[in-house]
Amino acid sequence: MNYETILQEIYQEAKQLPSIGNVAKTIPELSKINPNKFGIHLTTISGEDFGIGDSNEKFSIQSVSKALTVALAFSFLDEKVWERVGVEPSGSAFNSLVQLEYEKGIPRNPFINAGALVIADMLVTNLENPKNDFLKFIRKISNCDTINYNLNVANSEKETGFRNAALCNFLKSFGNIKNDVETVLDFYFHQCSLEMTCKELAHSFFFFANEGNTISGEKILLKSQVKRLNALMQTCGFYDESGEFTYKVGLPGKSGIGGGIAALFPKNFVVATWSPRLNEKGNSELGMSALELLTTKTGMSVF
Ligand code: GLU
């Protein structure tokens with residue numbers, strides 16, 4: 001497979017598509033991003049790297065981080081994670097409150113905000129220095145020491161994160177948040193503010209494609225655990241557009257409102273795209289189109 005040529009083709013074809021959507025408006029700091037940025041990076045299972053466009057520029061990974069927090073929680077709590085968070089698609093917006101009321105404070109899955117807040121609570125309980133230890137974990141799995149939180153983004157979200165504060169308080173009222181609401185929100189805003197390039201993001205997700213082994217060869221999850229998390233990304237990774245992404249692209253992945261997407265083909269490759277224009281469901285429109293072109297051109301999809 002000549003990935004270099006394929007990425008060039010995808011990049012050129014995708015750039016001709018009409019510009020759909022706008023940058024995220026809910027976090028003031030993110031609304032300043034140039035909407036026309038576009039990068040793709042693909043890493044093969046043998047560790048070869050192919051990048052194009054703005055693939056070496058850092059961006060806010062936002063909800064893509066939810067796949068990494070649940071991976072860390074799963075690595076030490078194993079199946080206990082699912083006592084407090086479900087594994088079903090939600091069919092509602094990522095920041096919706098309604099389902100929580102009638103499901104008594106058990107979020108549908110770890111990728112909606114309510115679920116990610118419960119996972120954040122688990123990490124706050126189990127890590128000695130939660131924000132530092134999580135950053136260390138990220139640097140380890142990506143084999144990159146320069147990855148960091150963007151404190152301007154974290155603070156910007158803290159100042160405007162009323163809905164997440166509401167969710168966290170609501171979860172606490174059901175007994176599904178064990179720590180202080182403030183501490184959990186602070187951790188969550190930091191995880192969302194992580195900045196990575198497409199290349200760094202593809203490297204951080206490498207273990208999902210490599211049966212739980214990171215790009216530097218360290219085992220962090222069992223093969224069967226990775227299978228479960230990939231299944232969750234496949235069914236719930238794109239808000240209430242997960243069916244559409246599965247239909248069009250056919251790979252497990254996770255999106256974020258910073259415009260990033262990480263997706264993978266187990267035992268073959270990991271790919272990350274970045275284009276900040278979001279469609280109505282909050283997914284990067286151009287990123288989704290680029291990934292659709294990738295699996296169409298290569299015929300490489302899990303289906
Ligand atoms: N930090 C964002 C929020 O909680 C993440 C949303 C997203 O990327 O889906 O609203």
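If you're wondering where the values come from, they're calculated on a predicted model, not measured in any experiment. Scope of the values below: all heavy atoms of this structure, side chains included, with no hydrogens, waters or symmetry mates. Atoms within a ligand are numbered from 1 in the order they appear, just like the ligands themselves.
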Handout entry: Result of checking R228, K80, M122 against F74 for side chain to side chain contact (heavy atoms under 4.5 Å, CB included)
Key = R228

For the residue pair [X] and [Y], categorise the inter-ring angle as parallel (less than 30°), tilted (30 to 60°) or perpendicular (more than 60°).
| X | Y | answer |
| --- | --- | --- |
| Y3 | F50 | tilted |
| F207 | F137 | perpendicular |
| H190 | Y149 | perpendicular |

How far is [atom] from its nearest protein heavy atom, and which residue and atom name does that atom have?
| atom | answer |
| --- | --- |
| atom 3 (C) of ligand 1 | E157 OE2, 3.1 Å |
| atom 4 (O) of ligand 1 | Y188 OH, 2.7 Å |
| atom 2 (C) of ligand 1 | Q62 OE1, 3.1 Å |
| atom 7 (C) of ligand 1 | S63 OG, 2.5 Å |

Problem - T246 versus Q234, side-chain donor and acceptor atoms under 3.5 Å - result: yes

Handout entry: Numbered atoms and elements of ligand 1 in range of G256, under 4.0 angstrom, heavy atoms
Key = 8 (O)

Handout entry: C192: numbered ligand 1 atoms lying under 4.0 Å from its heavy atoms
Key = 1 (N)

Fill in the blank from the handout: Quick look: I257 vs ligand 1, heavy-atom contacts under 4.0 Å, and the answer is both

Problem - Proximity to ligand 1 by part of Y239, non-hydrogen separation under 4.0 Å - result: side chain

Practice task
Run the contact test for N164 against ligand 1 with a 4.0 Å cut-off on heavy atoms, strictly below, and give the result.
Solution key: yes

Exercise for the section: Look only at the side chain of D180 and the backbone of E182, and say whether a donor-acceptor pair between them is shorter than 3.5 Å. Expected result: no

Handout entry: K254 to F111, cation-pi by 6.0 Å centre distance and 45° axis angle
Key = yes

